[in-house]
2 protein chains.
Amino acid sequence: MYEALLNSITEKTALNENDQVLIKRYFEPVLYPKNRIIEAEGDIPKYLYFIVSGYLRLFHYDDKGDEYTTHINCPHGFFSAYTHFVNQTPSHENIECITACELLRITQADLEKLQTESEAMKTFSLSVFQESMLYNEKRANELAILSAEERYRKLIANYPDILHNVPVQYIASFLGMKPESLSRIRRKILNG
Amino acid sequence: MYEALLNSITEKTALNENDQVLIKRYFEPVLYPKNRIIEAEGDIPKYLYFIVSGYLRLFHYDDKGDEYTTHINCPHGFFSAYTHFVNQTPSHENIECITACELLRITQADLEKLQTESEAMKTFSLSVFQESMLYNEKRANELAILSAEERYRKLIANYPDILHNVPVQYIASFLGMKPESLSRIRRKILNG
DNA sequence: GAATCTACTTGACATTTGTTAGTTAATGGT
DNA sequence: ACCATTAACTAACAAATGTCAAGTAGATTC
């Protein structure tokens, strides 16, 4: 269960024995079924999650009750409404398991403790936060610059497995288009 | 010159005499003319800027040589290619003065020193970083959800002075549309 | 297993946005 | 003041995306 997490961290920074013991102590393994909402809008995010297996999404409703998916993630990555998790302020987003998920979770309080007890985790936490920032910059720029078809092509090129695990309607919403438009684009690509 | 900066910080966290002395020591005032590029793509960002007066933008070129404006900012805010400034990695964006600018600038090394010497500045720096993150999240979601006209209406509602200071083509690019489209939208709004 | 849902697709049409080309207005340099 | 350059606007048309209504297939429930 912890192997994927330890590997992810080791890619960024070396871990000694003590670091590994601390990580196993603070990160709690949890299993959730498909469609389970694990953090709800209006609440302060309780945990930062590391995805061992499965797909998660962030979503919310607008005034008209329409649902918008703003983030989709897959193994092995961290997942949270970051800014609200870090600040411990109420988030306007729900976190939902798209598939059954194996996760490792940690509270903000424990993450801070872990960072003071492990220099490696301090370094690593910063890089996770920064990557999340780069990710949003990139998403904004792609939405501004690329066409709907280009955005879809780029997504499946980077995450080829997403189609087998995530409903098309969530992907459409995440890419900033209607399901009908994505359907049209998918057909066009299939037929050459 | 320092008043706007000190006021901005005080909105978030209290400053004692010593904090204020340190801030004035580390932040260097600079003046730039219109159209001056103050950080170039390919280089590691040297400074974090606080805008006392004037407008700045972040922009880059794509493969075809087309120019894209990804960020526009006005007083009184901080400005930088944040992630690359923090990491001290080469940025792919240029920073340009759209108008003549009065700025206060600080290097990454000095910012770190300042943060160890002033607890208030440590708190404040974190909040600047987090706001930049929230900002990108918001930009991405608005690009995904709102129409071009809605994005434009929202921008001028939030920053009514931007039209008098920033060329329309930069605004169009920043909003993810072509100048001709923005021109059409502006006419439509004028004629009711 | 029948009925019911729901996700996904399809097609016709409306609307929005991009493209191209030309015009006007404003700007900057000499 | 003149010329050259660029920004902004306009118009006609093309292409992309949204909307609405309907149909199909697969899943779920009873």
Side-chain angles (χ1 to χ4, degrees), chain A residues 33-37 55 57 59 61-69 72 96-100 141-156 162-192, chain B residues 33-37 55 57 59 61-69 72 96-100 141-156 162-192:
Chain A
K34 190 174 171 175
N35 297 329
R36 173 67 55 85
I37 290 182
Y55 282 75
R57 70 170 179 139
F59 77 95
Y61 301 95
D62 72 357
D63 318 326
K64 297 172 204 146
D66 291 332
E67 183 189 295
Y68 289 98
T69 294
I72 296 173
E96 185 188 53
C97 298
I98 299 175
T99 63
N141 289 340
E142 288 184 358
L143 283 163
I145 290 170
L146 303 180
S147 69
E149 180 176 337
E150 290 169 325
R151 300 198 297 274
Y152 175 70
R153 284 183 183 276
K154 205 153 187 170
L155 182 74
I156 56 173
I162 201 170
L163 277 176
H164 312 126
N165 293 285
V166 179
V168 175
Q169 56 178 332
Y170 297 165
I171 296 176
S173 177
F174 174 65
L175 292 176
M177 67 185 98
K178 300 293 165 185
E180 294 93 335
S181 296
L182 182 51
S183 213
R184 182 166 36 207
I185 287 167
R186 281 155 57 75
R187 176 166 36 121
K188 185 187 155 199
I189 290 176
L190 267 180
N191 301 344
Chain B
K34 191 172 170 175
N35 297 331
R36 173 66 55 84
I37 290 182
Y55 281 75
R57 71 172 178 137
F59 76 96
Y61 300 96
D62 72 359
D63 319 326
K64 298 173 204 146
D66 291 331
E67 183 189 297
Y68 289 97
T69 294
I72 297 173
E96 184 187 55
C97 298
I98 299 175
T99 63
N141 290 339
E142 288 184 358
L143 283 162
I145 292 170
L146 302 180
S147 70
E149 180 176 338
E150 289 169 326
R151 300 198 297 274
Y152 175 70
R153 284 184 183 277
K154 205 152 187 171
L155 183 74
I156 55 172
I162 202 171
L163 278 176
H164 313 126
N165 293 285
V166 178
V168 175
Q169 56 178 334
Y170 297 165
I171 295 176
S173 177
F174 173 66
L175 293 176
M177 68 185 99
K178 301 293 165 186
E180 295 90 337
S181 297
L182 182 51
S183 211
R184 183 166 35 207
I185 287 168
R186 282 155 56 75
R187 177 168 33 123
K188 185 186 155 199
I189 291 177
L190 267 179
N191 301 343

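Numbers restart at 1 for each chain; the letters A, B, ... are given by sequence-line order, proteins then strands.
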Just to be sure I understand the rule, does A:Arg186 reach a base, reach only the sugar-phosphate, or reach nothing, if contact means heavy atoms closer than 4.0 Å?
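Sugar-phosphate contact only - A:Arg186 comes under 4.0 Å of backbone atoms but never of a base.
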Could you tell me the separation between the [atom1] atom of [X] and the [atom2] atom of [N], rounded to a whole number of Å?
X: B:His164; N: D:dA7; atom1: NE2; atom2: P; answer: 20 Å
X: A:Lys178; N: C:dA7; atom1: NZ; atom2: P; answer: 15 Å
X: A:Ile189; N: C:dT9; atom1: CD1; atom2: P; answer: 12 Å
X: B:Lys188; N: D:dT10; atom1: NZ; atom2: P; answer: 15 Å
X: A:Ile98; N: C:dA7; atom1: CD1; atom2: P; answer: 13 Å
X: B:Leu182; N: D:dA8; atom1: CG; atom2: C1'; answer: 10 Å
X: B:Glu180; N: C:dA21; atom1: CD; atom2: P; answer: 12 Å
X: B:Leu143; N: C:dT17; atom1: CG; atom2: C1'; answer: 14 Å

Give a yes or no on whether a salt bridge exists between A:Glu142 and A:Arg151, defined as a side-chain N under 4.0 angstrom from a carboxylate O.
no
Taking the basic N atoms (NZ, or NE/NH1/NH2) and the acidic carboxylate oxygens, is any pair closer than 4.0 Å for A:Arg57 and A:Glu67?
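Judged by the 4.0 Å cut-off on N to carboxylate O distance, A:Arg57 and A:Glu67 do form a salt bridge.
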Let me know, please, whether A:Arg184 or B:Ser183 comes out on the 5' side of the other along DNA chain D by nearest nucleotide.
B:Ser183
Need to verify one output field. Residue with the more 5' nearest nucleotide on DNA chain C, B:Asn35 or A:Val168?
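Nearer the 5' end of the strand: A:Val168.
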Upstream residue (5' side of DNA chain C) when B:Glu149 and B:Lys34 are each assigned their closest nucleotide
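Nearest nucleotide further toward 5': that of B:Glu149.
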Kindly point out which of [options] is positioned nearest to the side chain of [X]?
X: A:Gln169; options: C:dG28, C:dA7, C:dG18; result: C:dA7
X: A:Pro167; options: D:dG18, C:dG18, C:dC8; result: C:dC8
X: A:Ser181; options: D:dA8, D:dG18, C:dT17; result: D:dG18
X: A:Arg187; options: D:dG18, C:dG11, D:dA11; result: C:dG11

In short, salt bridge (Lys or Arg N to Asp or Glu O under 4.0 Å) pairs touching residues 179-192 of chain A with sequence neighbours left out are A:Glu149-A:Lys188
